[in-house]
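This report concerns only the one structure given below.
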Amino acid sequence: MKQYPSYDLHCHSLASDGVLAPDALVHRAYEAGVRVLALTDHDSLDGLAAAREAAGALDGFRLIDGIELTCLWERRVVHLLGLGVDPEAPGWAEYLANLRRLREERAERIAHKLVKAGLPDLLEVARRNAGDGQIGRPHFAQALVDMGRVSTAQQAFDCWLGRGKVGDVKALWPTLEEAVAQVKRARGFAVIAHPTKYNLTFSRLRTLVKDMLAAGGDGIEVSYPGVTPNHLRDLQLLAEREALWASAGSDFHSPEQRWTALGRFPAFKSTRHLLDVLIPNYTV
Ligand code: AMP
Ligand code: MN
Ligand code: MN
Ligand code: MN
């Protein structure tokens with residue numbers, strides 16, 4: 001089995017809900033020994049230029065242009081990674097402007113619903129937390145922590161923002177097919193992020209994978225923090241059976257989340273590793 005450098009194909013910066021600037025993220029990854037890093041902000045390519053500039057000054061470091069697209073599959077929110085995408089490809093401007101509009105509208109509705117549930121209006125603080133980045137529920141979670149309503153962001157999700165809670169506000173995200181199409185237009189690999197985090201049975205997950213393949217997609221993440229050894233094995237089997245490319249990443253957002261670190265996820269070996277096609281000529 002081929003040896004790979006330390007790599008991480010999923011992480012977030014200030015361009016979405018991560019807390020580090022793209023250059024700081026790249027430096028932190030390099031210091032952690034990571035040599036191939038994909039920056040995959042939610043619905044944004046804005047961090048890539050600064051990440052690329054920082055990466056250029058580091059010896060033997062490869063930056064992969066990536067994105068994590070929010071999309072809908074059968075009325076369920078699914079995250080699709082685009083890895084190795086061309087940020088200059090046609091279609092991004094319109095596609096991402098639509099997502100920005102959807103996120104801004106949803107933020108207003110989240111704030112409104114939380115007010116109706118008895119919380120103060122958090123919109124301005126959440127907007128400030130998001131800065132120029134794509135606004136999302138983590139920015140509301142941070143607002144709740146800052147005002148002392150909860151002690152951790154996790155608690156904010158458990159009580160207010162997580163699945164089925166008042167702040168879990170729906171939006172008319174693009175479909176899985178549309179997300180895959182945009183990634184392919186940009187000549188990237190379309191990969192379903194953290195497949196076991198959608199509350200799907202394995203049989204439904206197989207249907208999701210088949211639909212993604214039918215749309216022209218490429219792979220699934222098989223290893224990420226929180227994946228169990230059994231799920232990791234099942235996902236690898238699924239990848240082999242369906243001829244999917246297998247990807248992995250930390251989904252790093254913040255140094256304060258002690259359970260994630262750049263380049264860290266359960267080890268695995270695969271005959272269908274995405275790195276083989278993402279950077280075919282890479283030598284350690
Ligand atoms: P959004 O894109 O606004 O729907 O927010 C989704 C983001 O919130 C994810 O990418 C995670 O970073 C975070 N998140 C979602 N669910 C949870 C949860 N249950 N606990 C902690 N963070 C979560
Ligand atoms: Mn996130
Ligand atoms: Mn995700
Ligand atoms: Mn992510």
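What you see below is based on every heavy atom in this structure, not just the backbone, and it leaves out hydrogens, waters and symmetry mates. Whatever order the structure lists them in is the order used to number ligands and atoms, beginning at 1. No experiment lies behind these values; they were computed from the predicted model shown.
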Less than 3.5 Å apart, N/O on ligand 1 and N/O on the protein: could you list those pairs with the distances?
{"residue": "ligand 1", "atom": "2 (O)", "partner": "Arg103", "partner atom": "NH1", "Å": "3.3"}
{"residue": "ligand 1", "atom": "2 (O)", "partner": "Arg103", "partner atom": "NH2", "Å": "2.9"}
{"residue": "ligand 1", "atom": "3 (O)", "partner": "Arg103", "partner atom": "NH1", "Å": "3.4"}
{"residue": "ligand 1", "atom": "3 (O)", "partner": "Arg106", "partner atom": "NH2", "Å": "2.4"}
{"residue": "ligand 1", "atom": "3 (O)", "partner": "Arg137", "partner atom": "N", "Å": "2.8"}
{"residue": "ligand 1", "atom": "4 (O)", "partner": "Arg106", "partner atom": "NH1", "Å": "3.2"}
{"residue": "ligand 1", "atom": "4 (O)", "partner": "Arg106", "partner atom": "NH2", "Å": "3.4"}
{"residue": "ligand 1", "atom": "4 (O)", "partner": "Arg137", "partner atom": "NE", "Å": "3.0"}
{"residue": "ligand 1", "atom": "4 (O)", "partner": "Arg137", "partner atom": "NH2", "Å": "2.9"}
{"residue": "ligand 1", "atom": "10 (O)", "partner": "His42", "partner atom": "NE2", "Å": "2.8"}
{"residue": "ligand 1", "atom": "12 (O)", "partner": "Asp17", "partner atom": "OD2", "Å": "3.1"}
{"residue": "ligand 1", "atom": "12 (O)", "partner": "His253", "partner atom": "NE2", "Å": "3.0"}
{"residue": "ligand 1", "atom": "20 (N)", "partner": "Gln154", "partner atom": "OE1", "Å": "3.4"}
{"residue": "ligand 1", "atom": "20 (N)", "partner": "Gln154", "partner atom": "NE2", "Å": "3.3"}

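Aromatic ring centres of Tyr4 and His273 lie closer together than 6.0 Å.
Contacts classified as salt bridge (Lys or Arg N to Asp or Glu O under 4.0 Å) and involving residues 224-252 (residues at least two apart or in different chains) are given here: Lys210-Glu242.
Considering only residues two or more places apart in sequence or on other chains, Ala171 meets the side-chain contact (heavy atoms from CB on, under 4.5 Å) condition with Arg106, Arg109, Trp173.
Both the sub-6.0 Å distance and the 45° axial angle are not jointly satisfied by Arg35 relative to the ring of Tyr7. By the 6.0 Å and 45° rule, Lys184 stacks over the aromatic ring of Phe189.
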**OP:** Give the intermediate values and the outcome of side chain to side chain contact (heavy atoms under 4.5 Å, CB included) for residues Gln154 and Gln257.
**Re:** CA-CA 10 Å; Gln154 186 58 59; Gln257 293 177 334; over 6 Å; no

Original post:
How far apart are the C-alpha atoms of Leu81 and His10, what are their side-chain angles, what is the distance that settles it, and do they pass the side chain to side chain contact (heavy atoms under 4.5 Å, CB included) test?
Top reply: CA-CA 8 Å; Leu81 295 169; His10 187 160; 3.8 Å; yes

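Dense packing is recorded around CG of Asn230, with more than 12 heavy atoms of other residues, nucleotides or ligands lying under 6.0 Å away.
No hydrogens or angles considered: a donor-acceptor pair under 3.5 Å links the side chains of Gln142 and Asp146.
Excluding waters, the protein N/O/S atoms found under 2.8 Å from the Mn ion (ligand 4) are His10 NE2, His12 NE2, Glu68 OE1, Asp251 OD1.
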